[in-house]
2 protein chains.
Amino acid sequence: MDDVDRQLLVLLQQDAAQSYAALGQAVGLSAGATHERVRKLRERGVIRRTAVEVDPAAIGRGVLAFVMVDSTKWVGDSGDRFAAIPEIQEAHVIAGSAAVLVKVRTATTEQLQDVLRRIYAIDGVSGTQATVVLETFFERPVTP
Amino acid sequence: MDDVDRQLLVLLQQDAAQSYAALGQAVGLSAGATHERVRKLRERGVIRRTAVEVDPAAIGRGVLAFVMVDSTKWVGDSGDRFAAIPEIQEAHVIAGSAAVLVKVRTATTEQLQDVLRRIYAIDGVSGTQATVVLETFFERPVTP
DNA sequence: AAACTATGCAGAATGACATTCGGTAGATCA
DNA sequence: TGATCTACCGAATGTCATTCTGCATAGTTT
């Protein structure tokens, strides 16, 4: 995991569709060596997968909200219950007054309300506190 | 934007490295037609880009936190100030008591503290409220 | 209803690129 | 010094992306 690897990660996070020849030229390696580097990054699990990035608004997910979920029970095992709600994009167990923090994308605020209802129906959930996003400054990959 | 397009988006969000032949077989189209579909999805901006997904822990970003940022001024124009902090992965203007919600990834909690200090140094920021993530249930692409 | 137009698809042809392999240089250890 | 290992380059090969032609279907105009 040296500088070249980090550079490759940055480039591949920006555009994973470019050729190994171009990638290699950018970091000063041959296409073959670059390919081998990237292969090992995958093997080690540093690169999890390659995926397309979709515009949420274009697929009817223009409303973004974060929801703090309070609970009266231990929720460390109920990840599946949250995963069952497709509008939830992320779910994290958090330290602090709430128990779970989820990121929700819906088409409308009415649908957001419906998601809140479904979250409320999860066993042990005692309350929700939703925060609607007005504008997203940026969402970007992590810099190695 | 029909069912086939949506199916293609799901498949490409899971694995953008597969061939158009395989992709086409999955949705019942030829490789050529599939290629044309995907090309148009890119053209329309539905697909923004294709990128690799990196394991945060593998690149020294094992600590995840969400930070509510309070402010005394209008912060709608200070996106650049947040973008200048590389540990910030997302920044959103929110409705509610706070003004901005940011997602931060650092190697240690000490570094998180340092990020909070830098956020505090942004003009107009009057306070921060950090929530550390103990466990991430899941982070997944949005389902079309 | 007939002709026209546009759109989407299949199948084939071409060229680019991923992937593999042999050989070499440098680094580490004995 | 010799042995071993790793990372690299450059070339060879096969796969696949990309483009093109022709056809069918659906929608539109006359």
Side-chain angles (χ1 to χ4, degrees), chain A residues 1-62 86 107 139-144, chain B residues 1-62 86 107 139-144:
Chain A
M1 189 53 157
D2 58 1
D3 253 338
V4 174
D5 281 338
R6 270 183 286 272
Q7 217 177 329
L8 285 174
L9 288 178
V10 169
L11 292 168
L12 286 172
Q13 279 179 328
Q14 288 164 357
D15 177 16
Q18 58 192 307
S19 72
Y20 286 112
L23 220 48
Q25 189 157 33
V27 301
L29 283 181
S30 72
T34 305
H35 183 270
E36 180 67 10
R37 288 261 193 171
V38 175
R39 193 192 62 75
K40 280 178 184 165
L41 285 172
R42 289 185 193 283
E43 195 181 56
R44 274 184 271 157
V46 178
I47 293 178
R48 285 182 172 151
R49 61 174 176 175
T50 129
V52 298
E53 192 183 297
V54 173
D55 177 14
I59 57 173
R61 287 282 154 72
E139 290 179 290
R140 64 186 177 192
V142 283
T143 49
Chain B
M1 189 55 154
D2 59 359
D3 253 337
V4 174
D5 281 338
R6 270 182 285 272
Q7 216 177 328
L8 285 174
L9 288 178
V10 170
L11 292 169
L12 286 172
Q13 279 180 328
Q14 289 164 357
D15 177 16
Q18 58 191 311
S19 71
Y20 285 111
L23 220 47
Q25 188 157 33
V27 302
L29 283 181
S30 72
T34 305
H35 183 270
E36 180 68 7
R37 289 261 194 170
V38 175
R39 193 192 62 74
K40 280 179 184 165
L41 284 171
R42 288 184 194 285
E43 195 182 57
R44 275 184 269 157
V46 179
I47 294 178
R48 285 182 172 151
R49 61 175 174 174
T50 128
V52 299
E53 192 184 296
V54 173
D55 177 15
I59 56 173
R61 286 281 153 70
E139 288 179 290
R140 63 186 179 193
V142 283
T143 50

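Labels below follow one simple rule: chain letters A, B, ... track the order of the sequence lines, proteins then strands, and each chain is numbered from 1.
- In this structure, A/Glu139 places its CD atom where more than 12 heavy-atom neighbours from other residues, nucleotides or ligands lie under 6.0 Å away.
- Bending across the helix from C/dA1-D/dT30 to C/dA30-D/dT1, expressed as the angle between its end axes from five pairs apiece, amounts to 30° (10° rounding).
- With hydrogens and angles ignored, the 3.5 Å screen pairs no side-chain donor or acceptor of A/Arg49 with any backbone N or O of B/Ala17.
- Looking only at distances, no side-chain donor or acceptor of A/Arg6 sits under 3.5 Å from a matching main-chain atom of B/Ile59.
- The pair A/Glu43-A/Lys40 does not meet the salt-bridge criterion, since no charged nitrogen lies less than 4.0 angstrom from a carboxylate oxygen.
- Residue pairs that meet the ring pair (Phe, Tyr, Trp, His ring centres under 6.0 Å) test with at least one member in residues 22-47 of chain B, sequence neighbours left out, are B/Tyr20-B/His35.
- When the C1' atom of C/dT7 is taken as reference, atom CG of B/Asp5 falls 14 Å away, rounded to whole Å.
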Q | CA sep, side-chain torsions, deciding dist, call: A/Val142, A/Gln13, side chain to side chain contact (heavy atoms under 4.5 Å, CB included) | A | CA-CA 9 Å; A/Val142 283; A/Gln13 279 179 328; 4.1 Å; yes
Q.
Pair A/Leu11, A/Gln14 - check side chain to side chain contact (heavy atoms under 4.5 Å, CB included), show working.
A. CA-CA 5 Å; A/Leu11 292 168; A/Gln14 288 164 357; 4.2 Å; yes
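- DNA chain D lies under 4.0 Å from at least one heavy atom of each of the following residues of residues 17-43 of chain B: B/Gln18, B/Ser19, B/Tyr20, B/His35.
- Test A/Leu8, A/Val27, A/Leu23 against A/Arg37 for side chain to side chain contact (heavy atoms under 4.5 Å, CB included) and you get one pass: A/Leu8.
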